[in-house]
Each structure stands twice: as structure tokens, then as C-alpha cells.
Number of protein chains: 2
Amino acid sequence: MNLFWERGYAGASMKQIEQALDMRPGSIYATFGSKDGLFSEALAAYAQRSGLELREHLAGNSSILDGLQEHLRCIARQASPGGESPSRACMVVKTLLEASNTNAAIANQANSILNAIEQALTDLLEQAKLQGELAPGTHCARLARLLQAQIIGLRSFAQREIRSEQVAELAEDMAAMLDHYRARH
Amino acid sequence: MNLFWERGYAGASMKQIEQALDMRPGSIYATFGSKDGLFSEALAAYAQRSGLELREHLAGNSSILDGLQEHLRCIARQASPGGESPSRACMVVKTLLEASNTNAAIANQANSILNAIEQALTDLLEQAKLQGELAPGTHCARLARLLQAQIIGLRSFAQREIRSEQVAELAEDMAAMLDHYRARH
DNA sequence: ACTGTTTTTGAGCGATCACTCAAGTTATCA
DNA sequence: TGATAACTTGAGTGATCGCTCAAAAACAGT
């Protein structure tokens, strides 16, 4: 997963994969079927891990919106230069951009994952609205897409050679934007 | 340029390039030196074209902020499904994500282009502040980075299989966010 | 210890990769 | 028209791509 995340689908050769897994080609193909199959499992594992992280950030805050803002800040911390992450950008987005016009199966998988995330965010925001955190008129599905686009932008932006402090500021500005959707008390 | 934009650096083979250029390998290498060199020129051409588009949108509006908002909407229109663009996502971002851990020279070029765009946006926002469009306390460089991240997010988001109307809504929400930074009269 | 099954190994497959260069063609002079 | 220069051609280079499979090794049951 780390190798694919770092180098992308085409950028990771079977030789490198053999080394990363400490497996010989025969075993790899007996286990995963193909490079596509292996990548697919890696991407699924990545998505699962990401989902877990989001749920952890939410569990740490009683307020959903606070949890989402914390999530933004945490992404900024992880995506800052000098971190040990294989890549600062999101593996799903990297995959979507790489595979969209070259590998339909993989592009579909990335699409599905992003759909699931969008849905999860929508559900969360609906719940926040019910709890009175969000302004009553909020269009939750639309805000979920905005939030997803922000996260995609934040993490892709962080792939630039840039100071980590500026990534943190960016996350802060995005978190501040969420405040505008809060219910007025 | 269109081929590289659509399929990425690794995804475009020399055979496909030969066909796209209607040139044989010898001529290609005599003209561009290497696949890297050719890609570099394609990326530079893309960046120039993008810069021109931004300037056109700005020229169409007397207000800088209005021009930027128009630019966001226009990006959404271009990045909508069904368009004739080779790819909905930005070629510079695609390149940054693909090349960051595999091709230092190309990644540097993408970085430079994004630096230049960030600087151009900063200059524009500074000018808008001077003209009283932006709130006096606005941190223009920081807002420029936010704007750039939004655009990156918008165009990458648009690479998903999604209805064009939702892309337009997303651009609208991002434009609305810019309004919060306007000077109060 | 012996047999049958499962798993691992790594040399090597055909295909394709980016790229080269001698030979051929075209353009530009007098 | 003929000599020179500039450019184009495409078969072919070695390297690497994803992948296969017969043989070897490890494991499991009696």
C-alpha cells in the first residue's frame, strides 16, 4: 500500500513490489491474481484506514462540526513536509487522476470510495443539523461535497514543496469556513 | 499536450505520441530531446494557456473579485462531464501528484508553475485590497493559497463521475466563500 | 517415516518501453 | 542542374514491463 501510495500505480514496478512484499512473483500472482488485483486491495486497505481515522477524530469530540474541524487540522499535520507518510496527497485522489483515462476498473474503484466518503459526510452533516449544530436551512449533501473538495484541495496542495506552517494555515482557513454554516445561537 | 493531459506522463507511450504528433521517433527526439523534454514543453504550454484564460476572465470584469468568481464558475463549466477537455482535472496538479516521487525534474517544474500561480493570485488580491474590494486586514498571500487549494479541489473533484450541476454548485459555494473576505461598505 | 497437498521459488516468457542511427528524402543554395 | 545542408524515416537497440510455470521446498495427516 505504501509503495503504491508513494509512486502510483504505473510508477510501482513488479520488481519493487516483490521487494516491498518480500515475495517472489509466483506467490504474488497466486495471492493477488494481477497487479490490478493487488493495487485494488491496497487501495481498499487505504480507504478503510482513512475511514477509521475520520471516525477517531469524531469520537474525540462531542460536537460533529468540532470533530470535522479537528479532522482538517489533523490532515494538515499529516500532510506537512517532513512527515513519514509515503505521500502527502490522498492515495484515492492520486488514483482517480492517474487512472481516469487509462484504467477503467481502478478509476471506478476510486470513484466508489469517493462516493462512499461523500455519503458518510452527508450523513454526518445531517446528524449535525438534527443536533442543532448546523443552520436549519443547510443543504447537507452540497456542503458535504464542498467539504470533500476542500480536503482534496488541502492534501493535493500539501504535495507542493511548501512550509508546513502554510499548510496548517490553509487547514485553519478551511475550518473557519465551516463555522459560517453553524447555527446561530 | 492533450495526450499528456489526458493520460499523464507514464500513461502516454511514445507510440501514442508519434501518432498524436504525426512524427516518427527520430524527428521527435531531434526536436524535443527526450520524452521528459517533450512533456516539459507540453506542461509549459498548458500553464501559459491557463494563465491566459485567467487574464481573460479578469479583463471581462471591472472588479477583481468578480473576475475571480467568474473564473471559478468558468472552471466548473469546463470541468463538467461531457466537455471536450482531455481531462477535467488540472494537468499541473495531475503532474505534481504523478511525478512527486518518481520524476524530480518534472515535479520541480509543476512546483514552479504552482508557485507562479500563487504569486499571481497574491498580487491580484493585494491589488483588490488597495482598491477597497477586500477587507483591509486580509492576509492576501494566505487567501491566495486558500483560493488555489479551492481551485485544485474543484477540478480534482470534477474528475469524479458526477453530474455537472453539482460541479457548478460547488463552484458557487466556493465563490460565495470569497464574498466573506470582501470589504464591508 | 511416508505420502499427498499446498506454497514458494526464480529463470525466463513475449510484449512493450524509451530511444538510436544509417539510409533516404526534401529544401536551399549557386 | 548539381552540390550541400537540413530534416525525416522506420527498422531495430537493450532494458524493463507484467506475468508464467515446472521444479523445489514446506507443510499436513496418518
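Protein chains get the first letters and strands the later ones, always in sequence-line order, with residue 1 at the start of each.
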Mind telling me whether B:Phe4 and B:Phe39 have parallel, tilted or perpendicular rings, with 30° and 60° as the class edges?
->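 Ring orientation, 0 to 90° scale: perpendicular.
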
* Answer whether the closest heavy-atom distance between the side chains of A:Met23 and A:Thr31 falls below 4.5 Å. =>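 In short, these two side chains touch, coming nearer than 4.5 Å.
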
Does the side chain of B:Tyr9 reach to within under 4.5 Å of the side chain of B:Thr102, using non-hydrogen atoms? no

Can you check whether [Y]'s main-chain N or O pairs, donor with acceptor, with [X]'s side chain at less than 3.5 Å?
X        : Y        : answer
B:Ser156 : B:Gly153 : no
A:Arg182 : A:Leu134 : no
A:Trp5   : A:Ala89  : yes

The contact string for nucleotides 20-25 of chain D, one letter per nucleotide 5' to 3', using protein heavy atoms under 4.0 Å with B, S and - for base, sugar-phosphate only and none, comes out as BB----

| Proximity to DNA chain C (any heavy atom under 4.0 Å), residues of residues 6-17 of chain A only |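 The answer is none.
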
In numerical order, the residues of residues 34-43 of chain B whose heavy atoms come under 4.0 Å of DNA chain C are B:Ser34, B:Lys35

_Quick one about B:Glu161 and A:Asn115 (side-chain donor to acceptor, distance below 3.5 Å, no hydrogens or angles considered), yes or no?_
no

*Tell me yes or no: between the side chains of A:Glu98 and A:Asn103, is some donor less than 3.5 Å from an acceptor?*
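There is no such pair (donor and acceptor under 3.5 Å, judged by atom type) between the side chains of A:Glu98 and A:Asn103.
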
What is the distance from [atom1] of [X] to [atom2] of [N], rounded to the nearest Å?
X       : N      : atom1 : atom2 : result
B:Leu21 : D:dT9  : CG    : C1'   : 15 Å
B:Ile28 : D:dT9  : CD1   : P     : 10 Å
B:Arg24 : D:dA11 : CZ    : P     : 11 Å

Note: chain A reaches DNA chain C at heavy-atom distances under 4.0 Å over the stretch, first to last nt, 5' to 3', of C:dT8 to C:dA11

Checklist line | Salt bridge present between A:Glu169 and A:Arg163 (N-O < 4.0 angstrom) | finding: no

**Q.** Residues B:Arg73, B:Glu172: salt bridge by 4.0 Å N-O rule
**A.**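 The answer is yes: the pair qualifies as a salt bridge.
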
- Item | With A:Tyr181 via ring-ring contact (aromatic ring centres under 6.0 Å, His included) - residues at least two apart |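 ring-ring contact (aromatic ring centres under 6.0 Å, His included) list for A:Tyr181, sorted by chain: empty.
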
Nearest-nucleotide check on DNA chain C, A:Thr31 vs A:Glu18; residue mapping nearer the 5' end is A:Thr31

Original post:
What pair of heavy atoms forms the shortest contact from B:Leu146 to A:Leu170, and how long is it?
Top reply: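 Taking every non-hydrogen atom into account, CA-CD1, 3.4 Å.
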
Salt bridge (charged side-chain N to carboxylate O under 4.0 Å, His left out) pairs touching residues 99-120 of chain B, sequence neighbours excluded, are A:Arg160-B:Glu118, B:Glu118-B:Arg145

